[in-house]
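This report concerns only the one structure given below.
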Amino acid sequence: MPGRHSNGRDDSATNNRRGFLQTIGLAAASTGLVGTAAADPESDETDGGSDDGGEGPLVELTHGVAAGDVTATTATVWARAERDATVHVAYSHDQTFDSVGYDRTTVDGETDYTGHVRLEGLESGTEYRYHVWATTTETTYRPLRDRDDGAGAGGQGRSGENGSKRSSRNGRGPKGETPNTPENGRGPRKNQGNGEGPADDAIPAAVESGTFVTAPAPDDEASVSFAWSGDTWGYGDDPIEPPFPGLRSIAEREPDFFLYHGDTIYADAQTPAGKITEDTPIDESLEIYRDKYKEMRDPPAEIAERTNLRELLESTSVYTVWDDHEVINNFAGPIEPLMPEGRQAFREYWPLDRDDDAEPGESNRFYDSFRWGKHVELFVIDTRQYRDPNVDLDSKTLLGREQLEWLKGALADSDATWKLLASPAPLGYPSDSWATPADRTGYEAELLEVIEHVQTEPISNLVVVAGDVHKSVVGAFDPDDDGEFEFVEAIAGPLGAPAGEPDDLYPALNPTEFFAKGEYANFGTIEVDESGETLTIGMFDEHGTEQFTKTIHTDDIDAGADPASADRIESTFDGDADGWLISQNGGSNRPVYRESGGSPGGHISDEENQGGVAWYYQAPFKFLGDREAFYGGTLSFDLRQAQTDGQFDAEPIEGGDVLLASGDTKLVYEFRGPDSNPGKEWSTFEAPLSADAVWIDLTSQEPIATEERFREVLADLETLRIRGEYRSGDDTSYLDNVVLSR
């Protein structure tokens with residue numbers, strides 16, 4: 001991979017840094033500019049600074065720097081001072097720093113001395129280097145040429161707020177010609193020479209530096225590469241401690257940006273910073289959360305010398321996503337009393353800029369989209385802040401209605417070649433989120449809404465990048481079983497938490513698995529070529545050794561099928577279980593697949609020996625969605641059971657013999673007569689899809705479903721279940737040839 005950043009401490013970088021420090025007046029050799037030389041932080045006097053513009057003594061920056069939420073023209077820089085201070089940022093795409101952009105902010109204890117500075121007016125597709133320092137006074141840095149008191153040569157300074165001066169274009173980044181370098185001008189730049197710099201001991205250690213690359217313009221046919229992973233430091237009784245080689249390996253790859261994909265801290269794991277529990281007092285939690293972020297950048301000496309996070313954040317920009325461990329394990333936002341404090345610390349310690357109505361770092365909205373040239377748009381979503389608790393409901397939300405509608409609209413409006421959905425919660429891998437085990441359903445209804453939207457718009461070339469589950473998995477999904485993939489999903493992580501063995505992909509989405517590996521620390525990469533025709537997914541262990549790679553072409557993902565256009569949807573089980581699940585079983589959430597003995601060919605079965613309410617076979621996604629066109633048609637299936645004694649009737653509240661559901665609305669059908677229960681031989685059952693067939697409406701004051709109600713359910717069908725248990729004791733039943741026909 002071609003290098004794009006220069007963040008090392010080699011001779012040229014050191015000389016550039018020396019020259020910059022001279023330019024802004026932070027080194028003893030400072031000449032010609034208003035500023036201050038290196039100063040004793042304990043002193044009240046500047047050393048060598050001008051008497052009409054000195055910035056005051058330097059204040060230490062305690063936890064490095066970071067740049068994030070980069071766009072084609074903006075970036076947000078983060079830093080933390082050791083006390084009340086003014087944080088200054090100077091930046092340039094010219095390594096000689098002959099043309100310098102500048103801005104600043106003040107910090108105090110209200111934000112734990114963290115601050116965010118938004119850089120504006122940047123050049124697209126360009127590498128920037130920035131330097132950050134803090135001072136005790138609020139006087140701004142400004143070049144001598146911008147002074148308007150006659151002391152400089154010709155510059156007309158422009159006053160900022162409170163009478164302070166700002167650099168050219170009111171603090172916006174420098175405009176000018178970008179050097180002709182490899183990779184669309186974003187390659188490494190050679191040192192243009194600054195002459196002899198001051199001695200190393202004249203360079204204040206309080207100055208921190210970093211680099212980032214701005215996004216290509218939306219019409220720029222540029223290549224894009226990034227890395228992603230998450231899950232760092234501590235987990236349960238088996239903590240994983242730094243340093244984390246994966247963070248260093250990512251930095252060495254020099255990606256355009258890093259997607260830090262959730263569980264950036266483990267607030268609820270025991271580390272030197274403490275541990276958040278359900279019993280932690282709210283008024284004590286904020287300091288624990290803050291200390292967790294601090295130790296991720298600078299661990300206690302008795303633990304490790306470094307985590308490698310600071311070095312990564314200095315080398316490229318970051319988009320940061322939160323998941324559960326930033327607050328407490330598996331939290332649901334609206335009901336979690338500790339969420340506001342966890343959210344505040346997350347805002348304080350990451351360079352976020354995702355809300356037009358809030359200052360950087362002050363937003364409660366964490367979801368947004370970021371365009372990277374003509375071919376890539378990254379959609380970052382929040383699956384924690386708005387989620388319903390994971391209780392036994394038929395319909396729950398992970399995103400909340402406002403975010404869900406934003407996501408659907410943003411995906412539909414995007415003209416990027418590749419739509420990359422950054423979801424902490426995997427769509428196609430079982431977890432506590434969208435694809436939950438069948439005995440805890442509910443989030444799947446929202447997943448179905450997203451997938452149906454992808455199909456009907458249609459949303460082309462959707463690739464999901466996810467984390468959370470602590471293993472690396474790559475697969476593609478064809479939920480409507482039309483032979484075309486609706487989306488591809490790649491899951492990476494952990495970087496610093498225990499990893500488990502991978503499970504099967506969610507069968508209801510009709511998956512094809514390309515790669516699955518567990519029990520190791522890992523990260524993933526995405527590379528889109530300049531033409532936009534291919535996207536390559538890579539999986540690497542923590543030392544950067546390739547584990548898997550797959551290149552996807554634009555014609556490999558085709559979501560342009562109308563799920564309502566089919567005349568017949570069926571599962572014959574002649575090849576596999578076809579994504580069917582078992583619901584309300586209290587045990588296995590997947591049926592047993594049998595290759596023979598069906599009616600004819602293969603079939604599925606399940607058994608239960610715990611008693612209780614009836615269990616059901618649950619249909620996969622290809623039967624669901626907009627099925628109003630099937631009103632007046634038929635649902636048929638073949639069923640038999642191993643034993644026919646000890647039979648019982650399933651009460652309608654338990655689902656009768658067939659259940660159709662949409663949201664809170666449930667319609668139940670019951671077979672009547674002497675042959676209403678299956679025998680030991682295969683029997684065919686037919687349920688007419690019509691209000692004339694007497695369907696029971698469990699959620700209306702009218703006990704019998706009306707045509708209007710029936711059509712409403714079919715128009716957004718979220719659940720289809722067929723009864724599998726008829727015997728009050730140990731039971732085994734078998735299902736084959738499920739057909740939904742018009």
Side-chain angles (χ1 to χ4, degrees), residues 62-64 66 68 78 80 112 114 227-251 258-277 280 285-315 318-331 338 341-343 345-351 384 424 467-472 491-500 518-524 540-543:
T62 61
H63 291 84
W78 173 93
R80 181 182 184 274
D112 200 30
T114 63
W228 88 96
S229 194
D231 310 302
T232 40
W233 202 346
Y235 187 82
D237 297 325
D238 187 18
I240 303 295
E241 295 179 341
F244 305 120
L247 292 170
R248 182 186 64 240
S249 297
I250 293 170
F258 173 51
L259 174 63
Y260 206 172
H261 217 350
D263 296 340
T264 60
I265 60 170
Y266 275 76
D268 49 355
Q270 186 64 55
T271 68
K275 179 179 181 179
I276 292 289
T277 71
T280 300
S285 63
L286 181 57
E287 289 309 308
I288 297 176
Y289 288 128
R290 287 168 166 172
D291 288 346
K292 291 281 185 174
Y293 289 106
K294 293 171 191 171
E295 71 178 3
M296 261 307 300
R297 288 169 169 85
D298 281 307
E302 66 271 18
I303 299 295
E305 179 182 353
R306 61 173 53 85
T307 63
N308 292 319
L309 179 59
R310 281 182 59 164
E311 291 84 349
L312 173 58
L313 295 179
E314 290 171 1
S315 71
V318 64
Y319 298 100
T320 317
V321 184
W322 78 341
D323 199 17
D324 53 337
H325 292 289
E326 279 84 1
V327 178
I328 196 169
N329 189 40
N330 291 340
F331 84 93
L338 293 171
E341 283 67 31
R343 182 175 60 195
F346 182 78
R347 290 198 318 262
E348 290 172 347
Y349 275 84
W350 289 110
R384 285 293 167 184
D468 183 51
V469 295
H470 297 202
K471 57 267 303 179
S472 55
I491 305 168
L495 286 169
E519 304 290 355
Y520 78 123
N522 64 87
F523 63 90
F540 299 83
D541 70 14
E542 62 182 342
H543 301 294

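All values derive from a computational prediction rather than experimental measurement.
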Would you check if Pro243 and Glu305 make a side-chain contact, meaning some heavy-atom pair closer than 4.5 Å? no
Between Trp350 and Val321, is a side-chain contact (heavy atoms from CB on, under 4.5 Å) present by the stated rule, with each step listed? CA-CA 10 Å; Trp350 289 110; Val321 184; over 6 Å; no
Mind checking whether Tyr349 and Arg297 have side chains closer than 4.5 Å, heavy atoms only? yes
Aromatic rings Trp322 and Phe331: how do their planes relate, parallel, tilted or perpendicular, breaks at 30° and 60°? perpendicular
Does any N or O in the side chain of Ser249 come within less than 3.5 Å of the main-chain N or O of Glu542, such that one atom is a donor and the other an acceptor? yes
Closest heavy-atom pair and its distance - Ala251, Ser315: CB-OG, 3.7 Å
With sequence neighbours left out, the residues meeting salt bridge (charged side-chain N to carboxylate O under 4.0 Å, His left out) with Glu241 are none
Please name all residues satisfying side-chain hydrogen bond (donor to acceptor under 3.5 Å, both in side chains) with Asp268, sequence neighbours left out, ordered by chain then number. His325
Residue set satisfying side-chain contact (heavy atoms from CB on, under 4.5 Å) with Ala497, at least two apart, ordered chain then number -> Asp231, Tyr235, Tyr266, His470, Pro494
Partner set under side-chain contact (heavy atoms from CB on, under 4.5 Å) for Asp323, not counting sequence neighbours: Asp263, Glu326, Thr383, Arg384, Pro424, Asp468
What residues, two or more places apart in sequence or in another chain, satisfy side-chain contact (heavy atoms from CB on, under 4.5 Å) together with Ile240? Phe244, Pro498
Can you sort out the partners of Thr62 under side-chain hydrogen bond (donor to acceptor under 3.5 Å, both in side chains), two or more places apart, ordered by chain and number? Arg80
Tell me every residue that passes ring-ring contact (aromatic ring centres under 6.0 Å, His included) with Trp233, counting only those two or more places apart in sequence or in another chain. none
Passes side-chain contact (heavy atoms from CB on, under 4.5 Å), Ile303 versus Glu295? Steps please. CA-CA 10 Å; Ile303 299 295; Glu295 71 178 3; over 6 Å; no
Under a 4.5 Å cut-off applied to non-hydrogen side-chain atoms, are Tyr293 and Thr264 in contact? yes
Pairwise distance OG1(Thr320) to CG(Leu259) - rounded to 0.5 angstrom: 8.5 Å
Pro242 versus Asn308: any side-chain heavy-atom pair under 4.5 Å? no
Just how far is it from atom CZ of Phe523 to atom CD1 of Ile250, taken to the nearest 0.5 Å? 5.0 Å
Going by the rule ring-ring contact (aromatic ring centres under 6.0 Å, His included), which residues pair with His63 if we only count those two or more places apart in sequence or in a different chain? none
Arg248 meets the salt bridge (charged side-chain N to carboxylate O under 4.0 Å, His left out) criterion, sequence neighbours left out, with Glu252
In sequence, state the C-alpha distance, the side-chain angles, and the governing distance for Ser472 and Tyr520, and then conclude on side-chain hydrogen bond (donor to acceptor under 3.5 Å, both in side chains). CA-CA 9 Å; Ser472 55; Tyr520 78 123; 2.7 Å; yes
Indicate yes or no: at least one non-hydrogen side-chain atom of Phe346 is less than 4.5 angstrom from one of Val327. no
Going by the rule side-chain hydrogen bond (donor to acceptor under 3.5 Å, both in side chains), which residues pair with Thr232 if we only count those two or more places apart in sequence or in a different chain? Tyr260
Starting at CD1 of Ile491, measure out to CH2 of Trp228 and round the result to the nearest 0.5 Å. 9.0 Å
So do Ile276 and Lys292 actually touch side chain to side chain, heavy atoms under 4.5 Å? no
Which residues share a salt bridge (charged side-chain N to carboxylate O under 4.0 Å, His left out) with Lys294, sequence neighbours left out: Asp112, Asp291
For Ala304 and Pro299 the tightest heavy-atom approach is O-CG, 3.4 Å
Is the side chain of Lys275 donor-acceptor paired with the backbone N or O of Ile288 at a distance under 3.5 Å, no angle test? no
If only atom types and distance count, is the side chain of Glu341 paired as donor or acceptor with the main-chain N or O of Ser285 below 3.5 Å? no
Just verifying a value: how many Å separate Met296 CE and Thr271 OG1, rounded to the nearest 0.5 Å? 10.5 Å
For the student: nearest non-hydrogen atoms of Thr277 and Thr280, plus distance: N-OG1, 2.8 Å
Please enumerate all residues that pass ring-ring contact (aromatic ring centres under 6.0 Å, His included) together with Tyr289, with sequence neighbours excluded. none
Nearest heavy-atom contact between Gly524 and Ala492 is N-CB, 3.6 Å
